[in-house]
4 protein chains.
Amino acid sequence: MRSPSPPPLAEDARVARSREALRAALLEMLEREPLERIAIRDLARRAGVGHATFYRHYPTKEALLDDIAADEIRRLVSLTLPVLDRADSRAACAALTRYVAGRWQLWRVLLTGGAAAALKEELLAISRRVAAERPRPARDLPEDLAVALAVAGIVELLAWWLRQEDPWPAEQVADLLDRAVVGPAARGRAPPRGEAAVGP
Amino acid sequence: MRSPSPPPLAEDARVARSREALRAALLEMLEREPLERIAIRDLARRAGVGHATFYRHYPTKEALLDDIAADEIRRLVSLTLPVLDRADSRAACAALTRYVAGRWQLWRVLLTGGAAAALKEELLAISRRVAAERPRPARDLPEDLAVALAVAGIVELLAWWLRQEDPWPAEQVADLLDRAVVGPAARGRAPPRGEAAVGP
Amino acid sequence: MRSPSPPPLAEDARVARSREALRAALLEMLEREPLERIAIRDLARRAGVGHATFYRHYPTKEALLDDIAADEIRRLVSLTLPVLDRADSRAACAALTRYVAGRWQLWRVLLTGGAAAALKEELLAISRRVAAERPRPARDLPEDLAVALAVAGIVELLAWWLRQEDPWPAEQVADLLDRAVVGPAARGRAPPRGEAAVGP
Amino acid sequence: MRSPSPPPLAEDARVARSREALRAALLEMLEREPLERIAIRDLARRAGVGHATFYRHYPTKEALLDDIAADEIRRLVSLTLPVLDRADSRAACAALTRYVAGRWQLWRVLLTGGAAAALKEELLAISRRVAAERPRPARDLPEDLAVALAVAGIVELLAWWLRQEDPWPAEQVADLLDRAVVGPAARGRAPPRGEAAVGP
DNA sequence: CTCTAATCGAGACGGTACGTCGCGTCTTACG
DNA sequence: CGTAAGACGCGACGTACCGTCTCGATTAGAG
């Protein structure tokens, strides 16, 4: 025999429905306005949900954003950090850009919409946490600075990419990323002048 | 977006006193909490000023921050952009870090306190505006991306520097800046591996 | 306004158990707090019953109170009204007080606990209804006023009695009732001065 | 010379205006619905006042009712209690009914509208408090019971009077009051049977 | 050294959004 | 079918700040 509550963590269908509606509504609204100007009641109304139901699931708007983004961010971070360590950073960069390309719509909203600032903070915070637990490879730059520069650069570059109407291919962006952001952050060196131009 | 009375010439002594009190109070408070969590009434109370007096001088908290930071930011930007263009970027970087070192306390609050996010936004916005009016030098990277990466990198690096308890000398930071941020952003190239380490 | 299922005949044993638990819980709670501050969920919890179960049996807290008190009230009213009409009002009063004395605990809660106000309303309403259907004896006072005064007086006197730590005997209370409440309400006359004092 | 704040307690005109608007609105609404079903926001809206302004002046609806009724109640009580003590209770009763007649509209709302229950409670509470501080005249009935009966009776009688479409004259009501309520409560005696009928 | 007008503090006000509470209904799964 | 468990839509609650406003009192700074 098993426990009396039959599926111990199998969520009530209504719960899943409410959360999904809230997640979708937030993503919609973030395309139009910044997170801090979204009223929770409006969000709930758009989700077709009583506003108290919002609070039954999330304590704050940020928590809802987290519920949407946390996994994504963790995935991204797990692709981001190795970029600093691996010998072939170029391949790691390509893995990163391909991942984002595969989740284009979501990441476009997250990094160019009204939650961009919050997302950058979150990304940086998670990266720092993850980085602190890694073996710290010898590096020219202080570790924390390297992480900060890499994450900031990656975020700026991805945001720039996701804002494009006619986006560059992931491979080319990976090149950019490797040469203009990751390489310098990893090794603290500027490239020598006079190499061939990048760009479409 | 400074004072509502167009030319603040021939200022009443009371006006100057009120504004100064408000500026000082904001800087104090930013050391402890983020801009968005500072209530205007608390700010005014700490400044020893009626809360209506705040509104007589500034429409928003952001405007007050601007009044504090606008000149500083413009100065910083005027030192930042050339960094991307000048042949000896190393010298331009040194000018930048020396300037910040000379305003250490103020910039520490601005870039590491509760206004950091707002400041980054403002810096980036002003940089973009200024950059758009410059002659656009041939560059490997798209101009807007180069500016975004440079500004983000500079801000991160300065914030890292200003957070240090026992700060590096300006010259060494200028080195870092040149090699890990400015160079790559200007030329889109990572440094080759294997050069000498940086550090104190 | 009792149970939603029209005739509570052939009651399921579970139904009876639930209702009894709810009745007992309400009486307990009324000793401590006013009816309007008792949350239905708390009531159900104390009764060891799901809160939805409450609604299956009663539409409101008041309906539950009714289920507890309706018969009692009807009995009391059937003893109350004659008091105004019968020649020997003293005997009728004695019947009334003896009845209450026999149900002391229940009436103590009802008239001195958190339902006192509701109970008074209910008693008055039922009395009015019953009084309207009676033959209206010639009386000095307008009928509706006489009923109102008599009921209010009876209720106040009973409440006073039931609050006593060391209660008077029913016979003495019947005396009081007859002389200070029923007589005047029935005949609209104050007693002459100078008679013997009442009291234990 | 006098104090710097010219009128030390002369209230801000806006304050007086807001309170008056709230008082009027509450009285209006009490003619239609019970106090507990009046939402503070609706009350404020009807008063033409922001709902927060309500809270700036009163903590609860009951407090507003108090602000309206407290003086009136105190006045009424100061006329009510002597009724039990004075030799010519008839004259005291007349003073009482004349006072109510002079404030007809207000008392009609208070005792027959949605605040009737609250008002009765308040009247009884204040009466008890005042009575406790009086010299306790020798009486047939226990003091607390006498007060309870007198107040309950007065309230019922006034409510009955105020509900009349074509109200009896104050003098006749004073007669009723004296003979059916005050006399019995004061002396604990019913009037002898067989006297002349009262009525219009 | 006045006089007058700008500036001030104090704080009431109409609003908007907040997060909480309790309601009565509805859904799900058991026994 | 009655039940426990509990999510849900609803709507009032009381709070916190917002930005606007009026009110006298003060205090420059021009005459």
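When reading the values below, keep in mind they use all heavy atoms of this one structure, side chains included, and skip hydrogens, waters and symmetry mates.
We find that CZ of B/Phe54 is positioned 18 Å from C1' of E/dG11, with the value rounded to whole Å. Counting to the nearest Å, the P atom of F/dG14 and the CD atom of D/Glu62 are 9 Å from each other. The interatomic distance linking A/Glu36 (CD) with F/dC17 (P) rounds to 17 Å, in whole Å. In this structure, D/Arg46 places its CZ atom 17 Å from P of E/dG14, rounding to the nearest Å. If you measure from atom CZ of D/Arg37 to atom P of F/dC13, you get 13 Å, rounded to the nearest angstrom. Atom CZ of D/Arg45 and atom P of E/dC13 are 18 Å apart (whole Å). Atom OH of D/Tyr55 and atom P of E/dC13 are 16 Å apart (whole Å). Atom P of nucleotide E/dC18 and atom OH of A/Tyr58 are separated by 17 Å, given to the nearest angstrom.
Atoms CZ and CG, on B/Arg17 and B/Asp12 in that order, are 8.0 Å from each other to the nearest 0.5 Å. C/Thr53 OG1 to C/Arg19 CZ: the interatomic distance, rounded to the nearest 0.5 Å, is 11.5 Å.
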| Pair B/Leu119-B/Trp107, side-chain contact (heavy atoms from CB on, under 4.5 Å): steps then yes or no | CA-CA 10 Å; B/Leu119 251 286; B/Trp107 277 104; 4.2 Å; yes

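With F/dT15, F/dC18, F/dG29 as the choices, the nucleotide that has an atom nearest any side-chain atom of B/Ala13 turns out to be F/dG29.
Between A/Val155 and A/Leu124, every side-chain heavy-atom pair lies at or beyond the 4.5 Å cut-off. By the 4.5 Å heavy-atom criterion applied to side chains, A/Tyr58 and A/Ile40 are not counted as neighbours. In this structure, the side chains of D/Leu106 and D/Ile68 come closer than 4.5 Å at one or more pairs of heavy atoms. Using a 4.5 Å heavy-atom cutoff, the side chains of D/Ile73 and D/Leu110 are not in contact.
The aromatic rings of C/Tyr55 and C/His51 sit perpendicular to each other, their planes meeting at more than 60°, with 30° as the lower class boundary.
Looking at residues 26-33 of chain C, you'll see that no heavy atom sits under 4.0 Å from any atom of DNA chain E.
For D/Arg74, the salt bridge (Lys or Arg N to Asp or Glu O under 4.0 Å) partners are D/Asp71, not counting sequence neighbours.
Applying the salt bridge (Lys or Arg N to Asp or Glu O under 4.0 Å) test to residues at least two apart or on different chains, the pairs with a partner in residues 52-69 of chain D are D/Arg23-D/Asp67.
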| said: How would you summarise protein contacts on nucleotides 2-12 of chain F per nucleotide, using B for base, S for sugar-phosphate only and - for none, with heavy-atom distances below 4.0 Å? | reply: BBB-BBBBBBB

Side-chain polar contacts of residues 25-39 of chain B - donor-acceptor pairs under 3.5 angstrom, sequence neighbours left out - could you list them?
residue	atom	partner	partner atom	Å
B/Glu28	OE1	B/Arg46	NH1	2.9

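Between its two ends, the helix from E/dC1-F/dG31 to E/dG31-F/dC1 turns its axis by 20°, counting five pairs per end and rounding to 10 degrees.
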